[in-house]
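Lettering of chains follows the sequences in order, A, B, ..., and the numbering in each one begins at 1.
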2 protein chains.
Amino acid sequence: MREQKLGTHDCIQLVPIFKQLTTVELQQVSAIVHEHVYEKGDVLFNAGDEADQLTIIAAGQAKVYQLAANGREQLLYLLQSGDFDGEAALFNPVIRTSYAEALVPTQVCSIQRSDFQALLAEAPQLALGILNEFGKRISQLEGKATSVTTSSIGGRLADYLVETAASFPAQTMFTLPLQKKEIAVYLGTTPETISRKLNEFQTAGWLKKGRGNQIAILDEDQLALQD
Amino acid sequence: MREQKLGTHDCIQLVPIFKQLTTVELQQVSAIVHEHVYEKGDVLFNAGDEADQLTIIAAGQAKVYQLAANGREQLLYLLQSGDFDGEAALFNPVIRTSYAEALVPTQVCSIQRSDFQALLAEAPQLALGILNEFGKRISQLEGKATSVTTSSIGGRLADYLVETAASFPAQTMFTLPLQKKEIAVYLGTTPETISRKLNEFQTAGWLKKGRGNQIAILDEDQLALQD
DNA sequence: TTACACACTTGATCCAAATCAAGTTTACTT
DNA sequence: AAGTAAACTTGATTTGGATCAAGTGTGTAA
C-alpha cells in the first residue's frame, strides 16, 4: 500500500535505481540517507535552486510543477510513497526548473550528491543499475512527448484514468488523487473539459462517477481504446 | 561543420556520453566500434526490433520516427553528424518503438551492447560520464513535454526556427533542413499551418522568406517571445 | 526546354476545445 | 447546523488550427 510509512531500507528499495542492490550495497546506501518531514504546503524544493540531492517520498504526497517560459505551469508528477525526484542531481549539479510542494504531511529520505559520489567511487557496480533505470525513464518520456502531440484530450484523459485506477482493485470506486483543476493542468486542458469528458465516458458506460471526486472504471478496455 | 565525414575517434568524441574520456579510454572505446554505410532511404532500424547497439551518425542525416498507438507517427529527432541514438540499448535489451531512415547516404559508427558491457566491467569510471549525460537528456525531454502542452503552435514553431537558425550566422538566409511537411510532423501540426504562421512572422517583420525553403531570421528576440 | 511530379500556398469550411458566464455542489469553519 | 468559499458543472460563445479543395511554384529528368 502506498499510504503507509516506510523505513529507510524499504524506502531505498522502492527507488528503481536501487532495486537490484545486494544486502551489503543496501547497507552502504542506507548509511548516507537523511530523513526529513514536511508539513502540508511546505515546499520541498524550488525552481531556481541548485539541486544537490535525490529526494525519495517515504510517506505522504507531493506535487512537482514545471514552470514554462510564458509563466504557465505544468504538473509534471504526483509523487507518492516510493516515488522519487532529482536523481540527476546525484551526478552533476543542476539548476531546478521545477518546484515541489507537499500535499499532506510528507516524510522524505534524501541522499546528498557528495555522499553518493563517494559511495560510487567505492562501489562502481552500483552505476549499472542506475544506467538501466535512466534508459527506461528516457523511453517513457519520449512516449509521453509523442502522445501529447498525437492524441486528443479524450485519449489522454482515458490513459490517465486507466493508469491511476491501476493502483486500485478493478471495478471499484476510488477517489481521484488530484482535483479536476490539477488533472486539467497535468493533461494540458481545462477543468470544464475534464468535466465534460467524464460525462461522455459515463454516458458511454465506461465509468461511473460518484460523489466527491470518486469514480469507478467499468470498461477499461474501451477506455484504453480511446484515441 | 556537420556535413563533413568523421573518423572513428572524432565520431566517438562527438557523443556526449564519451566526451570526457581520456586518451586511453578513447582507445578502448574505438576498439569496439563498427562502421557501416547506408544509402538514402535505407532503414537504420525498425520499430519492433530489439535494440542491441548504440548508433552514431558519422556523416549524413537520418530521421527518427516514433509510432503512436493510433498509427500516427511523430518525428522525434533529425540526426546529423555527431548525433546518436539507442544509448539505452547499451545497458539492457529494449524493444524499439521508433524507426530511423537515412535521408542521404549516411555513415554510422555503432557499438554493440555485449562489447560495451565488457568494456564497462574493465573501466567502470566510464559510467559516470554516461550518467551525467542521461540526466541532461531527461531534463531536456521534460522541457519538451512541458512546452508541447503549454505553448501554441506559433510558439513552438518560433522556438524551432530560433534553435535551427542557431547553427547559421545571424540575420543570413539559410535553408531549413526539413521540408515543411516534416517540420509540421515534428511540431505536431500540418504543412498548411506552418505556411500560414511563417507568413504571419514575415508580416510582423520577424523573418524573411526566400525561394525554396530558405529563410532569414530578422528579429530573434521577438520570435523567442512568441508564446 | 518542356514535362511532370511534388512541394508549397491560399482560401473556405469545420470542429474540438478554450473561454466566458452563471449556477450548483461539496467541504470546511465556527 | 448554518455560513462561506472553493470546487465543480452546465450552457453559450469564440477561436485556433485541422481538414478539404484548388491553385501555383520548383526542381528534376529526358
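Side-chain nitrogen and oxygen atoms of B/Lys197 include at least one within less than 4.0 Å of the OP1 or OP2 phosphate oxygen of D/dG17. Residue A/Asn199 has a polar side-chain atom (N or O) positioned under 4.0 Å from OP1 or OP2 of D/dT10. Contact annotation: A/Asn213 reaches the phosphate of D/dC8 (side-chain N/O to OP1 or OP2, under 4.0 Å).
One N or O on the side chain of B/Asp219 and one on the backbone of B/Gln222 form a donor-acceptor pair closer than 3.5 Å. No donor-acceptor pair closer than 3.5 Å links the side chain of A/Ser195 to the backbone N or O of A/Pro191. Between the side chain of B/Thr164 and the backbone N or O of B/Tyr160 there is at least one donor-acceptor pair closer than 3.5 Å.
Here the nucleotide nearest the side chain of A/Thr190, chosen from D/dA18, C/dC8, C/dA18, is C/dA18. For A/Lys181, taking side-chain heavy atoms from C-beta onward, the closest of the listed nucleotides D/dA18, C/dA17, D/dC8 is D/dC8. Which of D/dT9, D/dG17, D/dC8 sits closest to the side chain of A/Ser195 comes down to D/dT9. Of all nucleotides listed (C/dT9, C/dC8, C/dA17), C/dT9 comes nearest to the side chain of B/Lys209.
Here D/dG16 presents its P atom at 17 Å from CD1 of B/Ile194, a figure rounded to the nearest Å. Following rounding to the nearest Å, B/Ile153 (CD1) and C/dA17 (P) show an atom-to-atom distance of 14 Å. C/dA27 atom P lies 13 Å from atom CG of A/Leu176, rounded to whole Å. Per the geometry, CG belonging to A/Leu157 stands 12 Å off P belonging to C/dA18, to the nearest Å. In this entry the distance linking CD of A/Gln214 with P of D/dA7 reads 18 Å, nearest Å. Between the CG atom of A/Leu198 and the P atom of D/dT10 there is a distance of 11 Å, given to the nearest Å.
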Report all interatomic pairs (protein N or O, nucleotide N or O of nucleotides 20-26 of chain D) with separations under 3.5 Å.
unit_1, atom_1, unit_2, atom_2, d
D/dC20, N4, B/Glu192, OE2, 3.1

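Annotation: of the two residues near DNA chain C, B/Thr193 and B/Gln179, the 5′-most nearest-nucleotide partner is B/Gln179.
Heavy-atom minimum distance, B/Tyr38 versus B/Ala102: CB-CB, 4.3 Å.
Few gaps surround CD on B/Glu50; more than 12 heavy atoms of other groups in view lie less than 6.0 Å from it.
Taking the centre of each ring, A/Phe45 and A/Tyr99 stay at or above the 6.0 Å mark.
Note: A/Phe174 and A/Phe168 have parallel aromatic rings, judged against thresholds of 30 and 60 degrees for the angle between ring planes.
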